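Taking it in order: structure first as structure tokens, then the write-up.
Values in this document were obtained by computation on a predicted structure and should not be read as measured data. Lettering follows sequence order; numbering is per chain, from 1.
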There are 2 protein chains.
Amino acid sequence: MKDSNPENLARKVTAADVAKLAGVSRWTVSRALTDGASIAPESRERVIQAARELGYRPNLLARSLSQKRSNMVALVVDEMQNPYMLRILEMTMSQLQQKGLMSLVLNISRESDFASALTRADQFQADGVLFLGTVLPDRLIHMVENMGHIPLIVMYRDSDVDDVQIVATDGFSGTRQLTALLQQQGCQRFAYMSGPGSVSTRLGRKEGFADALNSQQQAHAVYLQASHFSRQQGYDVTCRYLDGTLADQYVDALVCENDILAIGAIDALREKGLEGQIAITGFDDLDLAASPSYQLTTCSQPDAALIDEAIKRLLSPDQEQRRIQMPPQLIIRSSHILTQQAN
Amino acid sequence: MKDSNPENLARKVTAADVAKLAGVSRWTVSRALTDGASIAPESRERVIQAARELGYRPNLLARSLSQKRSNMVALVVDEMQNPYMLRILEMTMSQLQQKGLMSLVLNISRESDFASALTRADQFQADGVLFLGTVLPDRLIHMVENMGHIPLIVMYRDSDVDDVQIVATDGFSGTRQLTALLQQQGCQRFAYMSGPGSVSTRLGRKEGFADALNSQQQAHAVYLQASHFSRQQGYDVTCRYLDGTLADQYVDALVCENDILAIGAIDALREKGLEGQIAITGFDDLDLAASPSYQLTTCSQPDAALIDEAIKRLLSPDQEQRRIQMPPQLIIRSSHILTQQAN
DNA sequence: CATGATTTTGCACTCGAGTGCAAATAAACT
DNA sequence: AGTTTATTTGCACTCGAGTGCAAAATCATG
């Protein structure tokens, strides 16, 4: 079992080494380790024994080179300030790993990184590319599509590029429900805080918000925009709004595009002593949303199902459906409730 | 520039394709793209032109196979509940990417994953393995060390395995300073909350805490232990302590092994109306630590320097120094200040 | 025992690139 | 022109595995 022989450690054990020890040819070794290959059971046994003894681990680069599959999947991520990304990453990598796939993570911060990162994915023969809620503009996604024909799946956002597979949550219905909840409890003056423009229009959340307002003839709304999905940005943008607005003109409800922005917003309100005077909602249901310090009313996304679906599509290309939107689940806590009357 | 020829997209462009177009041999193509190779400037130009026209991108798997380097680095992570991990991952991947290296991320949740994940790293010929603050017991780390001779660097924690490169923050001095700060303002009764046992003893933080207490003859302390580095665990463990202790016996200071636990602890205190009655400190300086809702007094780790050093060591093996501990920086906010007297 | 049917195995090839060496070409010099 | 020297290029090899095909070994049958 344990390789006690020190010279095994000196260099990588190759199929030829195993062949020599087992007294067969290099190719018989391949066959012994392949299910369903034509080989005498007895010599298979001998090879397996030898392989174990030497601690043989086939070189996957070599295998990938000749076969089609490399068993590597590229994960393209950005917006790494949002803790939600950690959850997504974690679940995605776990599920990939479970299926015997490796995760090549490509972090994008500037647009220029983008092309180079993808070139790399292609050069490493990645079996597929998963976009995890990236803020990339559609034209870039389109560019990837034509690149080496790697199956490409966009997750956690929409896109109107044709033929791109999309696996996302129905942000429209989610935010629509949240906004309706605020309307039911009598909120009149609404604000919406979005993230970076390029992705914001691809989440459908802003549209759900606007739709709810329209259905009640509440045309007027304040639109705020954060440049990143980070707590700090949510905080800064909210402060700027509060400082630049007369106190008697404050909105009474702020719908945030996601939790991390909402948490920043709550922090800002708290600091200014306005907690409970503006109702807040988020999206994602971060762990922190359940904290007694925030008690954020929000929507949770069916992460496990989304990721499962995305990987399934990655492995079996040419899916009938181009796009799937799963329903979010409303999580009602108390951040949407007004506890103090505005003066 | 743009490959307008549709058949280019049909299959991968190989060096042979470029050679044919440029009217040279396949090997000349290799040379044209290699700096310092002996080649006529004129034919190099021709090759480069042809390569650009076809959109040639050398297959890195093939290159890795024959050369020593694969340009892939395996990142081994766990404890993915802690948002701090996201920052570390982000910075590490960015720095690697900047140096032309790819990140193979291996997520470990159970010990059994561990062996299989590392086997994969080895099979993919990873140039090195970076352990990012993993909770793995030392014996496992030792096992990796003997595996394929991949350079191995343990970050954000210590280990007493010989010959393992360590790049970490001096947790001892950090927590010692934090504890001293609490002592200076008159705290008498201390508690310490640690994370999973296997890593906790490798951070040096608990020892720094104990040392500070000893230096003041304050032998008595309460030790709490969380099973994960997560807000929820920090919260649960604190609640359990508060519920299981008489109110007049509460400690007046709680030193937490890191921020995410501290934030959970503050949440618990807040919920029970005990905010300001127990001083709290953390470690890591999460973004959330700066939130007005927490104002956590903590230590920040020199992430950029740590990661830079780790990668440097990965690339140039046989470093003289086996282990480096960088000093943390004290971040003083207000969570360590007692604002209410205990009844 | 010879013939045919079947299993097992070895060998030449593939993947896509890189490297050292030797042959072919070009340039420099007597 | 003839020789030496420098430059450029082609070819055989390498990495480590997998696959199809044909040769070799085994088996079964008349």
May I ask you to decide whether A:Arg202 forms a salt bridge with A:Asp158, counting only side-chain N to carboxylate O separations under 4.0 Å?
no
Please work out if B:Ser64 contacts a base, only the sugar-phosphate, or nothing of the nucleic acid, heavy-atom cut-off 4.0 Å.
nothing
Base, sugar-phosphate alone, or nothing: which one does B:Ser38 contact when heavy atoms must sit under 4.0 Å apart?
base
Return each pair, listed once, that meets salt bridge (Lys or Arg N to Asp or Glu O under 4.0 Å) where at least one residue sits in residues 302-317 of chain A; pairs must be two or more places apart or across chains.
A:Arg87-A:Asp303, A:Lys99-A:Asp308, A:Asp308-A:Lys312, A:Glu309-A:Arg313
Which pairs with one or both residues in residues 22-46 of chain A pass salt bridge (Lys or Arg N to Asp or Glu O under 4.0 Å), sequence neighbours excluded?
A:Glu42-A:Arg46
Quick one: list whatever passes side chain to side chain donor-acceptor pair (under 3.5 Å) with [X], sequence neighbours left out.
{"X": "B:Ser109", "result": "B:Asp113"}
{"X": "B:Arg157", "result": "B:Asp138"}
{"X": "B:Ser30", "result": "none"}
{"X": "A:Thr28", "result": "A:Ser25"}

If the condition is side chain to side chain contact (heavy atoms under 4.5 Å, CB included), which residues does [X] pass it with, not counting sequence neighbours?
{"X": "B:Pro151", "result": "B:Leu314"}
{"X": "B:Leu21", "result": "B:Ala50, B:Glu53, B:Leu54"}
{"X": "A:Asp78", "result": "A:Ile108, A:Thr134, A:Val135"}

Give the angle between the helix axes at the two ends of the helix from C:dC1-D:dG30 to C:dT30-D:dA1, taking five base pairs at each end and rounding to 10°.
60°
What is the per-nucleotide protein-contact pattern of nucleotides 22-27 of chain C, from the 5' end, where B denotes a base atom under 4.0 Å from a protein heavy atom, S denotes such proximity for sugar-phosphate atoms only, and - denotes neither?
------
5' to 3', nucleotides 15-26 of chain D under a 4.0 Å protein heavy-atom cut-off (B base, S sugar-phosphate only, - none) gives BBBBBB------
